[in-house]
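This report concerns only the one structure given below.
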Amino acid sequence: MRVLGVDPGLTRCGVGVVDGVAGRPLAMRGVGVVRTPADAELGHRLVAIEQGIEQWLDEHDPEVLAVERVFSQHNVRTVMGTAQASAVAMLCASRRGIPVALHTPSEVKAAVTGSGRADKAQVGAMVTRLLRLDAPPKPADAADALALAICHIWRAPAQNRLQQAAALHASRTTPAQKGRTA
C-alpha cells in the first residue's frame with residue numbers, strides 16, 4: 001500500500017509518502033513540505049497548497065491519502081488555517097477518487113511511539129527508526145506527515161475489518177430492527 005501522509009498547515013504543509021503493509025518493513029518514497037508565505041493572501045496560499053499536493057499526487061500516485069484530523073485548539077486562527085489546508089488536501093485526493101483517511105494526533109503518536117502523549121522529538125525519532133533513515137526529517141511537519149502514513153498503513157487492516165463487520169451486521173438487520181430505538 002502506498003500512502004501519502006499530509007500534516008496540514010498554511011505556512012508549512014508536511015507531506016510524506018510511505019510504502020508498506022502491516023507487519024512488514026516500511027519504505028519512505030518521499031518527504032517534504034509545501035510552503036506558503038505568511039504574508040500572502042489566503043486564497044493564493046490555498047492555491048499554492050493545492051498545486052503542491054497535486055504535484056505530490058502526480059509524482060507518487062498514492063492509493064490512500066492520510067490526513068491529520070483537525071481538532072479544536074485554543075488558537076482559533078491556527079485551527080482555521082489547519083482546517084483549510086486539510087480541506088484542500090482532501091479535495092485534491094477526492095477529485096482523483098483516492099480514498100481519504102483521517103487520524104487524530106494522539107492516534108498517530110500512539111501508533112508510531114506507543115504513547116498518545118509523545119512529543120515531536122519522540123515521533124521524529126521513531127519515524128527515523130521505522131523507516132531506517134539517517135536522521136529525522138526536518139522540519140517536524142515532514143516527520144509528522146510520514147508518521148500519518150505509517151499510522152494508516154498499520155491501522156487500515158483493522159479499520160477495514162471493522163467496517164466490513166458493521167456493513168455485514170447492517171445488511172442482516174431486518175427493517176423492523178432498524179426502526180427500533182434504543
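Because only heavy atoms are used, hydrogens play no part in the values below, and waters and symmetry mates are left out as well, while side chains stay in. Start at 1 with the first residue, then count along the sequence.
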Correct closest heavy-atom pair for Ala93 and Leu65 would be CB-CD2, 3.7 Å
CG of Asp19 to CZ of Arg29, rounded to nearest 0.5 Å, is 4.5 Å
In terms of heavy-atom contacts, Gly20 and Leu26 come closest through CA-CD2, 3.9 Å
Note: His152 and Val3 closest approach over all heavy atoms is CD2-CG2, 3.9 Å
Closest heavy-atom pair, Leu130 versus Val112, reported as atoms and distance to 0.1 Å, is CD1-CG1, 3.9 Å
Could you tell me whether Glu107 and Arg69 have a side-chain N and a carboxylate O separated by less than 4.0 Å?
no
Rounded to the nearest 0.5 Å, the CD atom of Glu68 sits from the OG1 atom of Thr104 at a distance of 8.0 Å
Under 4.0 Å between a Lys/Arg side-chain N and an Asp/Glu carboxylate O for Arg95 and Glu50? yes
Please confirm whether the backbone N or O of Asp119 pairs with a side-chain atom of Gln122, one donor and one acceptor, at under 3.5 Å?
yes
d(His103 NE2, Ile150 CD1) to nearest 0.5 Å is 12.0 Å
The side-chain contact (heavy atoms from CB on, under 4.5 Å) partner of Leu146 among Val123, Val127, Val17 is Val127
What one should report as the nearest heavy-atom pair of Leu148 and Ala66 is O-CB, 3.8 Å
Across all chains, not counting sequence neighbours, the side chain to side chain donor-acceptor pair (under 3.5 Å) partners of Arg12 are Asp141
query = Salt bridge or not for Asp144 and Lys120, using N-O below 4.0 Å?
reply = yes
Taking distance alone, no hydrogens or angles, what donor-acceptor pairs closer than 3.5 Å link side-chain atoms of residues 32-43 to residues at least two apart or in another chain?
from, atom 1, to, atom 2, distance (Å)
Thr36, OG1, Leu10, O, 2.2
Thr36, OG1, Arg45, NE, 2.9
Thr36, OG1, Arg45, NH2, 3.4

Between the CD1 atom in Ile153 and the CZ atom in Arg2, the distance rounded to the nearest 0.5 Å is 10.0 Å
Q: Please indicate whether Arg132 has more than 12 foreign heavy atoms, meaning atoms of other residues, nucleotides or ligands, lying under 6.0 Å from its CZ.
A: yes
Check your understanding: Going by heavy atoms in the side chains, are Val31 and Met28 under 4.5 Å from each other?
Key -> yes
Sorted by chain and number, sequence neighbours left out, salt bridge (Lys or Arg N to Asp or Glu O under 4.0 Å) with Arg129 holds for none
Tightest non-hydrogen contact, residues Pro8 and Ser86, listed as CB-N, 3.6 Å
